[in-house]
> 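This structure is in structure tokens; I'll ask about it shortly.
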Amino acid sequence: MTTRHHRTCTLCEAMCGLVITTDGDRITGIRGDADDPLSRGHLCPKAVALQDVHTDPDRLRQPMRRLGDRWEPIAWDAALRLAVDGLRRVQRAHGRDAVASYVGNPTVHSLGAMLFAPRLVRALRSRNRFSATSVDQLPAHVVALQCFGHALLIPVPDLDRTQHVLMLGANPAASNGSLMTAPGVMDRLAAIRARGGRVVVIDPRRSETAAAADEHHFIRPGTDALFLLGVLHVVMTERLARPGPLESLMTGLDALHALAGRFPPERVAPATGIGADVIRRLARDFAQAPRAVAYGRVGVSMQEFGGLATWLITALNLVTGRVDAEGGAMFTRPAVDILRADQAGSRPRFGRWTSRVRGLPEFAGELPVSALAEEIETPGPGQVRALVTHAGNPVLSTPNGARLDRALAGLEWFVAVDCYLNETTRHAHLILPPTSPLEREHYDLVFHTLAVRDTARWSGAVFPRPPGARHDWEILNALAGALDGTVRGRLEGAVLARLGPRRLVDHGLRTGPYGTGYRPFGGGLTVRALERAPSGVDLGALKPALPGRLRTADRRIHAAPELFLADIARLEARFLAGAPGGEEHPGARPPTADLELIGRRALRSCNSWMHNSERLVRGKRRCTLQMHPDDAARRGLADGASVRITTPRGAVTAELEVTDALMPGVVSLPHGWGHDRPGIRLGVAQAHAGASINDLTDDQRVDALTGNAAFSGVAVTVAAEG
Ligand SMILES: Nc1nc2c(c(=O)[nH]1)N[C@H]1C(S)=C(S)[C@@H](COP(=O)(O)OP(=O)(O)OC[C@H]3O[C@@H](n4cnc5c(=O)[nH]c(N)nc54)[C@H](O)[C@@H]3O)O[C@H]1N2
Ligand SMILES: Nc1nc2c(c(=O)[nH]1)N[C@H]1C(S)=C(S)[C@@H](COP(=O)(O)OP(=O)(O)OC[C@H]3O[C@@H](n4cnc5c(=O)[nH]c(N)nc54)[C@H](O)[C@@H]3O)O[C@H]1N2
Ligand code: SF4
Ligand SMILES: [Mo]
């Protein structure tokens, strides 16, 4: 008998509504839900692969314990006891900081993990907390905290009403959008053009998004901050700045004015590779468009000046009156308001302490994961000797992953909460696998907060969990409960466990902006109400939210925080000779190796962990090194050749793909590959192993301001293999 289930896809930030049909324990179809008010029927090829994850014979279904090279199943109670004993043993012998934690990306796509992973991290009471944030969007949080007063107050492009998008370092055609939940994003971008608007893309690669845009310009990796300063210069000096109604709320406009004055387009153009005349025109187009928004993502945040570039995008939106304005960069009004629940997010939690070995700054209690390997390897008090990971694969996803790979092998104790035996978890002593995504209830706490339209959608589990299986939140709560020494912590754990994710969401809905509390006939949003609308509830287009939503202590918007102004000298020293204010100098770029490496994403990948789906990996090889024809010719390399890519950190081999989509001097390799390491259990992925870009990247190369990994623009040499 066929059953229809309404379900939100949890694989990427787009949050597409799906209709999944099942017959018993078999999935018979996965389609887009045309009635979802946000995704309107959109889905991508990965949605169909949800069933591959669910049925994957390699997916772990019971706890596994490693004895030397051998893995054997172990019962849940024994596994949890063993896990906790090992962590306690290390903390007793070497102090709390000797146990580190790393929380990976799929955590934010799981309701249960979002609610309970923080509990485990807190229970460890270690300063060595790490997550995927510092290889991704850390600059966005630093900017949100500095400018708007809360790390999660990240404005979202009002894509459906804008007339002009200036997009830097994002490729939603592959990624489906990020810090901008916009399912069917390419249709939404096409609609802008159809209503007479413009989409401009700035990227060292003519990405699939750039190819569909009105205009695309190559930019030298890592120079976005300079480009944006040039744009700001034009806006400020040609009197195009119109902060609008927010002006009275803003501080720092004079400082911005003074700063921009020092960066005429002629000064920044040579380093960026974009002509001064083009910068001038782009600035005027942006400032004069009736509705416009500047938006940047990982290409902008994963670079040496990620903090500065991310801030300058916000600054540009602020001075042109685009923040909190229709068609600009707006704040959501989510049905469950995680900002309200997270009071701590508005405390100035940046740089209160630094990492032991390199002195990298803490943010919101976390240290940059680029420091993890050296914290494990360097002896002394506070050395990391044990690790807990949740839904993370840092061997493939963090810079100099090969070093981390070696370091993990030396840990005294490593517990991984993960569903696969992969490049990272192969070093664990215990793997604790949660239920499959389709066996859990879901409400998206994170991405409703970052969506281009306010909606709310609850998903029931598609399948009942198999006997004995544990949800991620149950595993996390069990570990946290056993580790937490405080009475308060234990009590809190017991209460939360009694409630469970569903009632916690229900409470969030009732006490949120569309809830009516616990009044019996209040008519507000509850989980029940959402269950009656299985395709989701539409809460409307984004609405102005300032000053109410501001969380700065003085209730003002800080357009030019000192932290960023102080980082400008580093930018000038890196790219412009004779700083400050000096002559521009085309040769001022340091003589890097001959090529600069950037990453890329593909629609059929999902970071490092979906390559075990046959339907996603078959066909054309995707882990290729892309290179401009001139660069290939200079090296005597032909399309399809096997090439060796080398940096001081390592070397990998990949197939060459010659294409003029790359800026000359820049090469691109996707991340998340490199499944040829021994001892993993990913049969399909191993047959399509590819190479890991993070065997080439450098753990010492970070944005010195925020501590985010600087993946973009790594200097590499490329030669024919052999
Ligand atoms: N299919 C798929 N979707 C995904 C993911 C996935 O792995 N696969 N991952 C998800 C995750 S975790 C995230 S964070 C999002 C990311 O979402 P996006 O930010 O859209 O990610 P990318 O597609 O990598 O696009 C980054 C772009 O930045 C460009 N770039 C590189 N360096 C620079 C630079 O210095 N300056 C500029 N201006 N551009 C630069 C690259 O060429 C690339 O086109 O995607 C999510 N969605
Ligand atoms: N060079 C380079 N490096 C990059 C990037 C880049 O663009 N270039 N992108 C960076 C970005 S944006 C990100 S977000 C990071 C991602 O970095 P990570 O979060 O470390 O890596 P993922 O590949 O997302 O690994 C997810 C892990 O979670 C497991 N998993 C999947 N679902 C679940 C679940 O429901 N529960 C549990 N417990 N485990 C689960 C998988 O088996 C896998 O081990 O990579 C970063 N690394
Ligand atoms: S775009 Fe993202 S959310 Fe939508 S179906 Fe694809 S993977 Fe799932
Ligand atoms: Mo990410």
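Atom set for the values below is all heavy atoms of this structure, side chains included, hydrogens, waters and symmetry mates excluded. Start at 1 and go down the list; that is how both ligands and their atoms are numbered.
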> Looking only at protein heavy atoms, which one is nearest to atom 26 (C) of ligand 1, and how far off is it?
Gly169 O, 3.5 Å
> Is the backbone of Phe363 close enough, under 3.5 Å, to the side chain of Glu366 for a donor and an acceptor to pair up by distance?
no
> For Leu603 and Lys46, work out which heavy atoms get closest and say how close.
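Nearest pair, atom of Leu603 first, then Lys46: O-NZ, 2.7 Å.
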> Nearest protein heavy atom to atom 36 (N) of ligand 1, by residue and atom, and its distance?
Asp224 OD1, 2.7 Å
> Please find out if atom 6 (Fe) of ligand 3 and some N, O or S atom of Cys44 are separated by less than 2.8 Å.
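It does; at least one qualifying atom falls short of 2.8 Å.
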> For atom 4 (Fe) of ligand 3, what is the closest protein heavy atom, and at what distance to 0.1 Å?
Cys16 SG, 2.3 Å
> Dump the intermediate steps for salt bridge (Lys or Arg N to Asp or Glu O under 4.0 Å) on Asp660 and Arg205, then the final yes or no.
CA-CA 9 Å; Asp660 67 1; Arg205 176 171 167 263; over 6 Å; no
> In the protein, which heavy atom is nearest to atom 2 (C) of ligand 1, and how far is it?
Ser605 O, 3.1 Å
> Please determine if Arg600 and Glu208 form a salt bridge, counting it only when a charged side-chain N lies under 4.0 Å from a carboxylate O.
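No, this pair does not count.
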> I need the atoms of ligand 1 closer than 4.0 Å to a non-hydrogen atom of Gly222, numbered in the order shown.
34 (C), 35 (O)
> For atom 43 (C) of ligand 1, what's the nearest protein heavy atom and its distance?
Asp203 OD2, 3.3 Å
> Which residue owns the protein heavy atom closest to atom 33 (C) of ligand 1, what's the atom, and how far is it?
Gly299 O, 3.4 Å
> Look at the rings of Phe463 and His5 and say which category their plane angle falls in: under 30° parallel, 30 to 60° tilted, over 60° perpendicular.
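It falls in the tilted class, 30° to 60°.
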> Taking N or O atoms only and a 3.5 Å limit, does Ser175 qualify as a polar contact for ligand 1?
yes
> Could you tell me whether Arg649 and Asp695 have a side-chain N and a carboxylate O separated by less than 4.0 Å?
no
> Note the single closest protein heavy atom to atom 25 (O) of ligand 1, along with its residue, its atom name and the distance in Å.
Asn171 N, 3.2 Å
> Looking only at N/O atoms, are Ser207 and ligand 1 under 3.5 Å apart anywhere?
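No, since none of the N or O atoms of Ser207 sits under 3.5 Å from an N or O of ligand 1.
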> For atom 2 (Fe) of ligand 3, what is the closest protein heavy atom, and at what distance to 0.1 Å?
Cys12 SG, 2.3 Å
> So, regarding Val300 and ligand 1 (criterion: nitrogen or oxygen to nitrogen or oxygen, under 3.5 Å), is there a contact or not?
no
> For atom 8 (Fe) of ligand 3, grab the closest protein heavy atom and report residue, atom and distance to one decimal in Å.
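Looking at atom 8 (Fe) of ligand 3, the protein heavy atom closest to it is Cys9 SG, 2.3 Å.
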> Considering Val298, Val201, Asn176, which one's heavy-atom position lies nearest to atom 21 (O) of ligand 1?
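The nearest heavy atom belongs to Val298.
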> With backbone taken as N, CA, C and O and side chain as the heavy atoms from C-beta onward, which portion of Ala602 lies under 4.0 Å from ligand 1: side chain, backbone, both, or neither?
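The part of Ala602 near ligand 1 is the backbone, not the side chain.
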> Decide whether an N or O pair under 3.5 Å exists between Ile202 and ligand 1.
yes
> What atoms in ligand 1 come closer than 4.0 Å to a heavy atom of Gln303?
35 (O)
> Side chain of Asn422, backbone of Thr425: donor and acceptor closer than 3.5 Å?
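Yes, because the side chain of Asn422 sits within donor-acceptor range (under 3.5 Å) of the backbone of Thr425.
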> Look at Glu572 together with Arg267 and state whether they make a salt bridge at an N to O cut-off of under 4.0 Å.
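Salt bridge: yes.
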> Leu603 versus ligand 1: do any nitrogen or oxygen atoms come within less than 3.5 Å of each other?
yes
> Which atoms of ligand 3 have any heavy atom of Leu11 under 4.0 Å away?
7 (S)
> Is Asp36 salt-bridged to Arg40, going by a charged N under 4.0 Å from an acidic O?
no
> With nothing but distance in play, are any N or O atoms of Ile598 less than 3.5 Å from an N or O of ligand 1?
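No.
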> If you have a sec, work out which protein heavy atom is nearest atom 7 (O) of ligand 1 and how many Å separate them, to one decimal?
Asn607 N, 2.7 Å
> For ligand 3, does Glu13 get within less than 4.0 Å through its side chain, its backbone, both, or neither, judged by non-hydrogen atoms?
neither
> So, is Glu13 polar-close to ligand 1, with some N/O to N/O distance under 3.5 Å?
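N/O-N/O distance under 3.5 Å: no.
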> Using the ring of Phe286 (Phe, Tyr or Trp, six-membered ring only), decide whether Arg322 places NZ or CZ under 6.0 Å from its centre and within 45 degrees of its axis.
yes
> Return the residue, atom name and 0.1 Å-rounded distance of the protein heavy atom closest to atom 14 (S) of ligand 1.
Asp136 OD2, 3.0 Å
> Please report whether ligand 1 has a polar contact with Arg205, defined as an N or O pair separated by less than 3.5 Å (distance criterion only).
no
> Applying a heavy-atom cut-off of 4.0 Å, say which part of Met302 lies close to ligand 1: side chain, backbone, both or neither.
neither
> Would you check whether Gln137 reaches within less than 4.0 Å of ligand 1, judged by its heavy atoms?
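Under 4.0 Å: no for Gln137.
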